[in-house]
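Take a look at the structure set out below.
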Amino acid sequence: MRRPFIAGNWKMNLDRASAVALAEELAEQAKRVDGVDLAICPPSVYLDAVAKAIAGSRVALGAQNMYHEGNGAFTGEISAAMLCDLGCKYVILGHSERRHVLGETDEAINKKVHAALDAGLAPIVCVGELLSERESGQTMDVIGRQFEGSLAGISAEQMATIVIAYEPVWAIGTGRVATPQQAEEVHLDLRKVIQQRYNESVAESVRIQYGGSVKPENAADLLGQPDIDGALVGGASLKADAFMGIVAGSKG
Ligand code: PGA
């Protein structure tokens with residue numbers, strides 16, 4: 001049985017005081033939920049402050065990105081060990097904004113996935129198609145390529161610790177959510193890809209989150225699908241009540 005996992009991706013939002021206040025509020029509200037894993041991924045400059053705000057709570061800490069090298073002359077970058085040092089458990093890798101705005105390739109993401117795993121972080125690896133790719137019937141080709149490229153050289157044992165986030169690019173921050181059927185179709189196909197590459201037990205254990213305009217109003221329908229194991233939430237994760245409303249929806 002896969003345990004639902006709801007993660008908030010705060011992106012480049014909030015300031016220090018509001019990040020801490022939101023984290024404290026979530027830590028408090030999380031006392032009332034059970035049976036679901038929770039994480040928040042603040043901007044890296046606020047990781048330390050947020051870590052203190054959620055210390056001892058049910059909310060785990062995640063980062064939005066990292067660099068694959070261990071240390072050295074890489075101006076502006078942050079290593080996996082540094083994220084661990086701050087108390088991170090998760091790191092989002094290959095988010096579509098990093099792929100499409102910052103030009104990250106599957107090869108670069110793959111190096112990060114290996115470095116994250118080596119350091120003991122659990123990567124949340126994002127995949128998803130553009131609207132033009134969906135409309136031209138290439139959704140699974142694109143996602144399959146991103147999966148194979150981002151996860152090259154990953155063992156079955158490692159795969160079981162990775163979280164996949166299916167985020168159709170056309171649904172991110174647009175208010176245009178995939179229907180539960182559209183999302184479930186891709187999640188099921190992704191699980192088949194995992195099964196073919198690894199085996200049934202790995203495919204059954206990997207959690208696949210859906211991301212793209214998830215809100216309290218649509219969460220229960222999406223999360224009620226058999227192969228949707230949680231959500232990666234952007235905009236709605238910036239308000240405690242909205243985020244916890246989504247968490248409530250994860251119980252079907
Ligand atoms: P959104 O973002 O919920 O604001 O659409 C999701 C994401 O980018 O992870």
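As the structure lists them, so they are numbered: ligands from 1, and atoms in each ligand from 1. Just so we're clear, the structure is a prediction, and the values are computed from it rather than from any experiment.
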Please check if the number of heavy atoms outside [X] that lie under 6.0 Å from its [atom1] is greater than 12.
X      : atom1 : value
Lys11  : NZ    : yes
Gln181 : CD    : yes
Arg16  : CZ    : no

Among non-hydrogen protein atoms, atom 3 (O) of ligand 1 lies closest to Gly234 N, 2.8 Å
Heavy-atom closest pair (Gln209 atom, Phe5 atom, distance to 0.1 Å) is NE2-O, 3.0 Å
Of all heavy-atom pairs linking Ala53 and Ala23, the shortest is CB-CB, 3.8 Å
Applying a strict 4.0 Å limit to heavy atoms, is [X] in contact with ligand 1?
X      : answer
His95  : yes
Ser213 : yes
Gly173 : yes

Against heavy atoms of [X], which atoms of ligand 1 measure under 4.0 Å?
X      : value
Glu167 : 6 (C), 7 (C), 8 (O), 9 (O)
Leu232 : 6 (C), 9 (O)
Gly235 : 1 (P), 3 (O), 4 (O)

Plane angle bin for His187 and Tyr166 - parallel if under 30°, tilted between 30 and 60°, otherwise perpendicular:
perpendicular
Note: Asn9, heavy atoms under 4.0 Å from ligand 1, region reported as side chain
Any heavy atom of Ala171 under 4.0 Å from ligand 1? The part involved is backbone
Of Glu107, Arg99, Lys111, the one forming a side chain to side chain donor-acceptor pair (under 3.5 Å) with Ser150 is Arg99
